[in-house]
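So the structure is just underneath, and the comments pick up after that.
When reading the values below, keep in mind they use all heavy atoms of this one structure, side chains included, and skip hydrogens, waters and symmetry mates.
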Amino acid sequence: MPQFDDFFASAANQFAPELRSAIESSPMPGLADGPFDAALAKQLESANASSLQTQSGPIPAPPLVVSGLWLLAGDLDRSHTISQDEPSAQGSFWHGIMHRREGDYSNAAYWFRRVRSSPVFDSLCELHPDQYSDPFDFNDSVAAAVRHDNDEAIVSLQQVQWTEWQLLMQECMPS
């Protein structure tokens with residue numbers, strides 16, 4: 001089950017309490033397709049999941065926030081439907097992560113090239129210097145770990161991927 005990092009705590013507080021609880025109770029997202037989290041998916045299908053809590057009241061969640069949440073729930077198709085229609089760098093980033101998770105590493109690299117640069121890339125280099133130098137090397141590391149069923153590498157790379165999810169989600173959420 002993923003734990004929110006300190007840098008993401010204030011952004012996480014924008015989720016409805018039920019959604020936040022479902023996220024905190026979900027399994028760690030896999031490097032490949034899965035696991036599908038039925039409880040989180042159920043929360044995302046509820047009416048309050050499509051809004052964020054702000055000081056001025058609930059607001060609709062931006063589409064890329066919803067895309068990232070579906071990715072976390074393990075519903076790659078729903079995430080893909082949203083991210084492929086967003087022409088921004090963040091849309092390309094979510095799109096790349098989705099293709100990496102489905103095991104289409106060359107397509108993932110294509111979408112990471114479309115991102116060009118992102119503060120998320122820089123933060124990942126700082127937070128995980130031994131495991132992340134750029135999205136392409138990380139993509140290759142994930143591919144190798146999954147292909148060789150390297151459990152130790154998979155666990156380590158999942159943590160980097162969880163940091164990546166939080167950083168990108170934070171970038172997509174309203175400030």
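- Sorted by first and then second residue, the ring-ring contact (aromatic ring centres under 6.0 Å, His included) pairs with a member in residues 134-156 read Tyr132-Phe138; sequence neighbours excluded.
- For the atom pair CD (Gln161) and CD1 (Ile97), the distance works out to 7.0 Å, reported to the nearest 0.5 Å.
- Arg101 is linked by a salt bridge (Lys or Arg N to Asp or Glu O under 4.0 Å) to nothing, counting only residues two or more places apart in sequence or in another chain.
- Between the CG atom in Asp77 and the CD1 atom in Ile82 there is a gap of 11.5 Å [rounded to 0.5 Å].
- Two residues are said to be in side-chain contact when any heavy atoms from C-beta on lie closer than 4.5 Å; Phe15 and Gln43 fail this criterion.
- Atom CG of residue Leu76 and atom CE of residue Met98 lie 6.5 Å apart, to the nearest 0.5 angstrom.
- Listed by chain and residue number, nothing satisfies the ring pair (Phe, Tyr, Trp, His ring centres under 6.0 Å) test with His128 (two or more places apart in sequence, or in another chain).
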What's the verdict on side chain to side chain contact (heavy atoms under 4.5 Å, CB included) for Glu45 and Arg78, showing C-alpha distance, side-chain angles and the deciding distance?
CA-CA 11 Å; Glu45 290 171 347; Arg78 281 188 166 169; 2.9 Å; yes
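- In this structure, His95 NE2 and Ser88 OG are separated by 12.0 Å, a value rounded to the nearest 0.5 Å.
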Tell me, with the steps shown, if Leu44 and Leu19 meet side chain to side chain contact (heavy atoms under 4.5 Å, CB included).
CA-CA 7 Å; Leu44 292 173; Leu19 178 58; 3.8 Å; yes
Tabulate below the donor-acceptor pairs under 3.5 Å that side-chain atoms of residues 4-13 make, not counting sequence neighbours, or state none.
from, atom 1, to, atom 2, distance (Å)
Asp5, OD2, Gln166, NE2, 2.8
Asn13, OD1, Arg20, NH1, 2.4
Asn13, ND2, Ala9, O, 3.4

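- In this structure, CD on Gln170 lies 10.5 Å from CH2 on Trp165, to the nearest 0.5 angstrom.
- Within the 4.5 Å cutoff, side-chain heavy atoms of Val115 are placed close to those of Phe121.
- With respect to the salt-bridge test (charged N to carboxylate O, under 4.0 angstrom), the residues Lys42 and Glu18 do not qualify.
- In this structure a side-chain-to-backbone donor-acceptor pair under 3.5 Å is present from Ser26 to Ile23.
- Grouping the Ile, Leu, Val, Met, Phe, Trp and Tyr side chains by contacts below 4.5 angstrom, directly or via other members, places Phe36 apart from Val146.
- Sorted by first and then second residue, the pairs that involve residues 153-170 and meet salt bridge (charged side-chain N to carboxylate O under 4.0 Å, His left out), not counting sequence neighbours, are Arg100-Glu164.
- In this structure, Met28 is a member of the same hydrophobic cluster as Leu127, with clusters built from ILVMFWY side-chain heavy atoms closer than 4.5 Å.
- Other cluster members for Trp111: Tyr110, joined by side-chain heavy-atom distances under 4.5 Å among Ile, Leu, Val, Met, Phe, Trp and Tyr.
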